[in-house]
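Read the structure below first, then the notes.
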Amino acid sequence: YEEVITPVVEHYELLAAKIGEENRKRMYVFEDLGGRKVALRPEFTASVARLVATKMRYDPKPIRLFCVGTLYRYDEPQSGRYREFWQANYELIGSDRPEADAEILALTGNLMESLNLSNCRFKIGHVGILRSILTQEGIKEERQNVIMELLDRKKQDKALQFLEEIGGSRGCINVLRNLIAIRGGEPEGVIQEIREVVKGYGMALTAAENLRDILNLMRSREVKFEMSVEAGFARGLEYYTGMIFEAFIPEISVALGGGGRYDRLIELFGGESTPAVGVALGMDRFILGMEKQGVTLPKDAKKRVLVVPVVDEVRGEAFEVSLRLRRAGIHTEVEVMGRSVSKALSDASRRDLTHVIIVGPKELEEGKIVLRDMEKQKQKTLSIQEALEEIDN
Ligand code: AMP
């Protein structure tokens, strides 16, 4: 996946287009000095879709992109929910095949695994099943959006009540009620149940088969996370057209990440009709999850060096040594507090630096410095070239 960087401030219309009513209400919107209605980005996907519709329009498919950055939503602040938060976003663009959906699911699982998170569970649904039924019943998109939003907020009864109010048929209400009741269990069986419930709705059946194909790919022994299908599961964002999912760990009640297929967003921004699937991972929640599960990342293996002049007279030489080290790609800092060697060493040890180079007049006469390995607590007198090789080892 290749990184793209999108603007923090965007045209309101672009961001508001398909984000869903709930998210739209939570946007930070303002007029800039040029009189344009702009907003702080509440998500990445719209900006990425515009990029694909414009600058990347003729790029060969598939396109795999990621972006990392801060997003802004006027949410009620609480644990794992902030008004400014971080997301890492991955989008696989140009394929409508189940392999692409499976790749995004697997990538999310791999990321959780590589951060040592355990007992990960994925909740999976398919917007196509719900929307196909409502479309076949002649229910307009805006009204479908209201129903999906209520389902997303777990207000299933309200969703069914709304459907009744707008004239949904008894049969349709029953089908939706039965779908909502389907959750959990072994995927093949669940898909069979869904197929039974939606028979009579052709497009919904096709959607259920698409979900079955994705789940079949995920049946590999290599997939380490648990998956549960919920037929009445919906997500707030309005652009989803197919499989949707959220990732959880038991210690946190809110999702660590969520995503799904959005096959019509890129054409909405003037691009070719381009299928796409992606995921947004809440980095704050990943960190919270790691704290709750007591997992730590392996220590940074990078070498970090402090260069200390023994006396002021050799400050220039110490500075020069630091330049050579940095040019060789080594993370280097120079003692700038005028500390004595022993104080500088204890500070370097407190901050987990890997090496200290001590620059003294006596060694300099022979073109040498002292290299101290902080972990082994051993030091050697070496030429700078030798020190560079030793540090790199
Ligand atoms: P969404 O963009 O709504 O699909 O959300 C994707 C992920 O972003 C969620 O699963 C969370 O991990 C994260 N997220 C969404 N809203 C917030 C927030 N207000 N604070 C922290 N993380 C959030």
Side-chain angles (χ1 to χ4, degrees), residues 4 6 8 10 14-29 39-50 65-92 101 104-105 107-109 111-112 115 117 119-127 145 148-154 225 227-228 230 233-262 265 276-293:
V4 289
T6 64
V8 174
E10 282 274 19
L14 174 98
L15 297 170
K18 284 280 168 192
I19 192 165
E21 190 51 32
E22 192 65 24
N23 287 328
R24 205 174 290 130
K25 281 195 306 221
R26 296 178 188 279
M27 278 162 66
Y28 285 85
V29 187
L40 301 184
R41 61 185 180 199
E43 61 131 23
F44 283 115
T45 309
S47 306
V48 175
R50 180 194 49 196
L65 302 175
F66 82 93
C67 32
V68 174
T70 48
L71 302 180
Y72 304 84
R73 292 182 195 173
Y74 197 80
D75 269 325
E76 277 317 308
Q78 52 193 283
S79 170
R81 196 178 293 283
Y82 315 107
R83 290 180 179 160
E84 178 179 33
F85 60 97
W86 284 79
Q87 263 191 8
N89 215 77
Y90 296 81
E91 317 284 353
L92 174 41
D101 302 73
I104 289 294
L105 283 165
L107 180 141
T108 308
L111 269 163
M112 296 178 84
L115 293 173
L117 289 167
N119 303 318
C120 304
R121 183 179 65 84
F122 281 36
K123 181 162 97 177
I124 304 182
H126 199 296
V127 176
N145 292 343
M148 303 300 274
E149 186 102 48
L150 289 167
L151 289 179
D152 177 38
R153 283 156 57 203
K154 317 259 174 337
F225 44 84
M227 279 177 288
S228 65
E230 292 193 13
F233 167 42
R235 304 204 71 228
L237 301 159
E238 278 167 12
Y239 47 66
Y240 290 126
T241 55
M243 181 276 297
I244 52 166
F245 72 101
E246 277 176 355
F248 294 89
I249 55 166
E251 291 79 3
I252 302 185
S253 61
V254 283
L256 270 66
R261 173 167 287 284
Y262 54 97
L265 192 62
V277 55
V279 62
L281 307 173
M283 291 167 72
D284 309 87
R285 292 188 190 170
F286 267 75
I287 291 166
L288 199 64
M290 288 164 73
E291 280 169 6
K292 296 230 168 174
Q293 291 196 346

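Order of appearance sets the numbers: ligands from 1, and atoms from 1 within every ligand. Side chains are part of it too, since the values below use all heavy atoms of this structure and drop only hydrogens, waters and symmetry mates.
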Checklist entry - What residue and atom, counting heavy atoms only, is the protein's closest point to atom 20 (N) of ligand 1, and at what distance? => result Y82 N, 2.9 Å
Next on the checklist: Checking the side chain of R121 only, and the main-chain atoms of F248 only, is there a donor and an acceptor separated by less than 3.5 Å?
Outcome noted: no
Item to check | Heteroatom proximity flag, D284 to ligand 1, N/O under 3.5 Å | outcome: no
Checklist entry - Purely on distance, is any nitrogen or oxygen of L256 under 3.5 Å from one on ligand 1? => result yes
Next on the checklist: Can you report which non-hydrogen protein atom sits closest to atom 2 (O) of ligand 1, along with the distance?
Outcome noted: R73 NH2, 2.7 Å
Item to check | Minimum-distance protein heavy atom relative to atom 13 (C) of ligand 1 | outcome: G282 CA, 3.7 Å
Checklist entry - So F245 and F122, would you call those rings parallel, tilted or perpendicular, with 30° and 60° as cut-offs? => result parallel
Checklist entry - Is the backbone of N89 close enough, under 3.5 Å, to the side chain of E91 for a donor and an acceptor to pair up by distance? => result no
Checklist entry - Against heavy atoms of L237, which atoms of ligand 1 measure under 4.0 Å? => result 4 (O)
Checklist outcome for this item: the protein heavy atom lying closest to atom 4 (O) of ligand 1 turns out to be R235 NH2, 2.8 Å
Item to check | Nearest-neighbour protein heavy atom for atom 14 (N) of ligand 1, which is reported as residue plus atom name and distance | outcome: F85 CE1, 3.5 Å
Next on the checklist: If you measure every N or O of Y240 against every N or O of ligand 1, does any of those distances drop under 3.5 Å?
Outcome noted: no
Checklist entry - Within a strict 4.5 Å, meaning less than it, do heavy atoms of the V68 and M283 side chains meet? => result yes
Checklist outcome for this item: Rounded to the nearest 0.5 angstrom, the CD1-NE2 distance for I244 and H126 is 9.5 Å
Next on the checklist: Does ligand 1 come near enough to D75 that some N or O of the ligand is less than 3.5 Å from an N or O of the residue?
Outcome noted: yes
Checklist entry - Out of curiosity, is Q87 lining ligand 1, as in a heavy atom under 4.0 Å away? => result yes
Next on the checklist: Within this structure, what is the OH-CG distance for the pair Y90 and L111, rounded to the nearest 0.5 Å?
Outcome noted: 4.5 Å
Checklist entry - For ligand 1, which atoms sit closer than 4.0 Å to a heavy atom of A280? => result 6 (C), 7 (C)
Checklist entry - When you look for heavy atoms under 4.0 Å from ligand 1, do you find them on the side chain of E43, its backbone, both, or neither? => result neither
Item to check | ligand 1 to A255 polar contact by distance, N or O atoms, under 3.5 Å | outcome: yes
Item to check | Nearest-neighbour protein heavy atom for atom 11 (C) of ligand 1, which is reported as residue plus atom name and distance | outcome: R285 NH1, 3.3 Å
Item to check | R41 (side chain) donor-acceptor with T70 (main chain) under 3.5 angstrom | outcome: yes
Checklist entry - About how many Å separate CG of D152 and CD of E21, when rounded to the nearest 0.5 Å? => result 13.0 Å
Checklist entry - Under 3.5 Å, is there a donor-acceptor pair between the side chain of R285 and the main chain of G80? => result yes
Checklist entry - Going by distance only, is there an N or O of N23 that falls short of 3.5 Å from an N or O of ligand 1? => result no
Checklist entry - Side chains of Y239 and T45: do they bring a donor and an acceptor to under 3.5 Å? => result yes
